[in-house]
Amino acid sequence: MKVLLSLFLMLASMVFGLPHISRDVPTNATMEMYDYVVVGCGIAGLVVATRLSENANTSVLCIEAGPLDHYEDLIEIPVYIGQQPPGFYEWSIGTVPQSQLDNTSRPLPMGKGVGGGSLINGMIWNRGNQDDFNVWAQLGNPGWDWDCLLPYFQKSETYTPRFYGNLSDQPVTFNAAVHGFQGPMQVSYPEYYWPQTVNWFEALNALQIPTSFDPNGGLSAGGYFLPLSIDPSNQTRSDARRAYHDAAAGRPNYHVLTNAQVGRVIFNNDSSTATGPGVRRGGLRAVGVEILGGRGGTTQTVLAGREVIVAAGAIHSAQLLELSGIGTASLLSSLGIPVLQDLPGVGNNLQDHPLIHLSYPYQNASVPTPAWLLNNSTFNTEAEVLYRTSRTGPWTAKPSTALAFPALSQISPDGQYMPLIALAESGDRYYPSTYDWTLKSGYELQLSLMTPRFLSDSTPAYEILNDNSGGLDLALMRPLSRGTTHITSADPRVNPAVDPRWLVNPFDFNLTLLAMRFNQRILDTPAIQALQPSYPNIRFPPNATSDQLAVIVRAGIGTEYHYSGTLAMMPRELGGVVDPTLIVYGTDNLRVVDTSVFPVIPGGHLQAVAYAVAEKAADIIRGVV
Ligand SMILES: Cc1cc2nc3c(=O)[nH]c(=O)nc-3n(C[C@H](O)[C@H](O)[C@H](O)COP(=O)(O)OP(=O)(O)OC[C@H]3O[C@@H](n4cnc5c(N)ncnc54)[C@H](O)[C@@H]3O)c2cc1C
Ligand SMILES: *[C@@H]1O[C@H](CO)[C@@H](O)[C@H](O)[C@H]1NC(C)=O
Ligand SMILES: *[C@@H]1O[C@H](CO)[C@@H](O)[C@H](O)[C@H]1NC(C)=O
Ligand SMILES: *[C@@H]1O[C@H](CO)[C@@H](O)[C@H](O)[C@H]1NC(C)=O
Ligand SMILES: *[C@@H]1O[C@H](CO)[C@@H](O)[C@H](O)[C@H]1NC(C)=O
Ligand SMILES: *[C@@H]1O[C@H](CO)[C@@H](O)[C@H](O)[C@H]1NC(C)=O
Ligand SMILES: *[C@@H]1O[C@H](CO)[C@@H](O)[C@H](O)[C@H]1NC(C)=O
Ligand SMILES: *[C@@H]1O[C@H](CO)[C@@H](O)[C@H](O)[C@H]1NC(C)=O
Ligand SMILES: *[C@@H]1O[C@H](CO)[C@@H](O)[C@H](O)[C@H]1NC(C)=O
Ligand SMILES: *[C@@H]1O[C@H](CO)[C@@H](O)[C@H](O)[C@H]1NC(C)=O
Ligand SMILES: *[C@@H]1O[C@H](CO)[C@@H](O)[C@H](O)[C@H]1NC(C)=O
Ligand SMILES: *[C@@H]1O[C@H](CO)[C@@H](O)[C@H](O)[C@H]1NC(C)=O
């Protein structure tokens, strides 16, 4: 091993002029070479790194730009969701000005630390619909339909249903056949049940929106009572750090390097110097990564004998490939980056669920709301005591589990024409001007597969994030708009230019207006009127005109934190970046395993899908599927 390594290093320094390997790589990296080097220890990175290290003969290093958390209450106790200070295990990054909206930029919160987004996310646990994944397969990805992914959804979770003792109508319905009961992630429900949950489902049902039987079965639109990534034994957050990392941390073959940002993947064109097994396709061979030094410090290098696995999240994974010479040739050349692989898909096909905050605060003083946790210290103190002494009460239930995912037909009889209009108004006016023919072909195919799905009663068009205090935020689940994220500098410390282009396709814009009108119909139901909604924070009157609503939309639309699609799994001639084994085109052993590879964003919150996709990726890499 030692001899091979020195030989390799000698060769490598001759070919690339690699810097000498420094022995004082920060924290726990104790070796210069690992079988697998994983970049980014968020959800996908930790799943893959810990699964690969189950084999004691396999050495794995996971490299994370952020720190290891200290089991802070701010992470573990559900009441603190959304209350963490800015920068708490978080990158500081925003969009470019959104010219299709109001010309201003928006923040893009994303997790930074061992656990990534799972440290700070809203804990909502859902999967999207079965057809979301069947579309993935139809886009040229055999093995990625619902039936193929279901075993991995199950593998990742331990699902614990809950019976709310004092309710006549139990909200938790589940189909045991679609759940897992032995996986690392704890998936369950809060101990506390906000009374207005009853009003919520009553209002939806009065408007002919049915309550779905087990939303995570992926078959229906309607009212959803969703589980959370919460440990039912003590009502604390379950996340990738606690569920995957902590269980593996004692393995001698699993190392994690924290506060270390990877700036570049290093390649060797000559596969014959490879030391490990693996696919040989005559492409570029990833041999390691460069880690940025501290301020003014020198760059350090770690070598990968088998594979480099990219899991830095949809924005940073695309950035890393471009910095490494894989992307649109003209862009890379213009920044002085040697082009190793001209791959136009990199950084394109960016998708997110566009979200708008809308709040109609409930005024009925006899119904407690989550807002009371912030503005009624008597209520909050009682709730804290309950939590600290018995792990019950409202502190377990900050995130709402009573949501709605309506189909277009459920909110508007005219809705059926919109998809037809969207199809007729061909997509070519709405994709980015920089798209080449492969990306255009891929987008046209996505449109032709997605638009007819809006005609189905069982496919949600959008989500209503009822927060039980009068907040009815809206987020589109199947946006037809596509954005971009590209580097503007060869310096890895410079944030990329992220342009989500939310609502650039008029279908998305029109759907948002329809959804806002439907909020009014919900508010007008007797069940919600009993909670006495009010209008102090919204600058539009009840039953506002489209023009009035449009102003609100242009100012209010932002992210639901669901960045994905930027290194899409699709055929190369459709603008894809990775093949169905998640290998980057033109390389032998560079894989991407995070939300970047989703070809089309699923219609649900992304974390459950991120865990499942990474579980499957680990099996692909181990060669067991
Ligand atoms: C505020 C917020 C709320 C959310 N709420 C929900 C929710 O309620 N339900 C849900 O399902 N989903 C939610 N999400 C989304 C979900 O958490 C993400 O989709 C998920 O974390 C994505 O997983 P990932 O593995 O692709 O990336 P991440 O989990 O983001 O992990 C990427 C990791 O890579 C690291 N990294 C980046 N660049 C580098 C580099 N160059 N070198 C080394 N390391 C690097 C990052 O620091 C990060 O730790 C939320 C996200 C946020 C931010
Ligand atoms: C690094 O090692 C120290 C000491 O063994 C341990 O306390 C720490 O948790 C480790 N850090 C990581 C990121 O594994
Ligand atoms: C690990 O390597 C040893 C020695 O080469 C071998 O005997 C053993 O079978 C290997 N175990 C696994 C799980 O591959
Ligand atoms: C955004 O800026 C462009 C160019 O300056 C201008 O034409 C457009 O009207 C602006 N849009 C809005 C909504 O302000
Ligand atoms: C159910 O019981 C709990 C605990 O006794 C109580 O806090 C809650 O308000 C009750 N919920 C409803 C809807 O009655
Ligand atoms: C919650 O329970 C789990 C499982 O028993 C345990 O691993 C974890 O440490 C507990 N967390 C807290 C904050 O008590
Ligand atoms: C690697 O391959 C690329 C593309 O074929 C080529 O431009 C480059 O010079 C090669 N680099 C080395 C070190 O051989
Ligand atoms: C608390 O907040 C809610 C919602 O914003 C508001 O309706 C209520 O009046 C507030 N109560 C107090 C005591 O400030
Ligand atoms: C604050 O909470 C207490 C305890 O639950 C309750 O009795 C009181 O009515 C609340 N006050 C307001 C203004 O909502
Ligand atoms: C969106 O609404 C506008 C204005 O009513 C209309 O002209 C356009 O055809 C609609 N487009 C779609 C895709 O619904
Ligand atoms: C406020 O809520 C209580 C409890 O649900 C209900 O009895 C009362 O009728 C509501 N007030 C109004 C004005 O609807
Ligand atoms: C909105 O319009 C509907 C239908 O015309 C009406 O029934 C409802 O009362 C109106 N809502 C408000 C708050 O004015």
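For ligands, and for the atoms within them, numbers begin at 1 and follow the listed sequence.
- Regarding atom 4 (C) of ligand 6, its nearest protein heavy-atom neighbour is D231 OD2, 3.4 Å.
- Of all protein heavy atoms, the one closest to atom 9 (O) of ligand 10 is E425 OE2, 3.0 Å.
- Ring centroids of H245 and Y254 are separated by less than 6.0 Å, placing the two rings close together.
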> Would R521 and D524 satisfy salt bridge (Lys or Arg N to Asp or Glu O under 4.0 Å), going step by step from the backbone distance to the final call?
Replying inline: CA-CA 5 Å; R521 289 185 57 202; D524 286 341; over 6 Å; no
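- Shown here is F181, whose CZ atom has more than 12 heavy atoms of other residues, nucleotides or ligands within 6.0 Å.
- Annotation for ligand 9: atoms under 4.0 Å from non-hydrogen atoms of N376 are 1 (C), 2 (O), 3 (C), 8 (C), 10 (C), 11 (N), 12 (C), 14 (O).
- Heavy-atom proximity to S233, at under 4.0 Å, picks out these atoms of ligand 6: 2 (O), 4 (C), 5 (O).
- Aromatic ring centroids of F507 and F454 lie under 6.0 Å apart.
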>> What verdict does the salt bridge (Lys or Arg N to Asp or Glu O under 4.0 Å) test give for D231 and R237, after you've listed the backbone C-alpha separation in whole Å, the side-chain angles of each residue and the deciding distance to 0.1 Å?
In response: CA-CA 6 Å; D231 189 324; R237 176 187 293 269; over 6 Å; no
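- Contacts of E76 with ligand 6, taken as heavy-atom pairs under 4.0 Å, involve the side chain alone.
- Ring to ring, Y192 and W395 are not that close: their centroids are 6.0 angstrom or more apart.
- Protein heavy atoms are found less than 4.0 angstrom from atom 2 (O) of ligand 10.
- Of the residues listed (N103, T104, D499), the one engaging Q98 in a side chain to side chain donor-acceptor pair (under 3.5 Å) is D499, and it is the only one.
- Within the 4.0 angstrom cut-off, atom 7 (O) of ligand 10 has no protein heavy-atom neighbours.
- Within a 4.0 Å radius of atom 11 (N) of ligand 6, the protein contributes at least one heavy atom.
- Selection from T236, N234, D73 by nearest heavy atom to atom 14 (O) of ligand 6 gives N234.
- Per-residue contacts place N510 under 4.0 angstrom from the following atoms of ligand 10 (heavy atoms of the residue considered): 1 (C), 2 (O), 3 (C), 8 (C), 10 (C), 11 (N), 12 (C), 14 (O).
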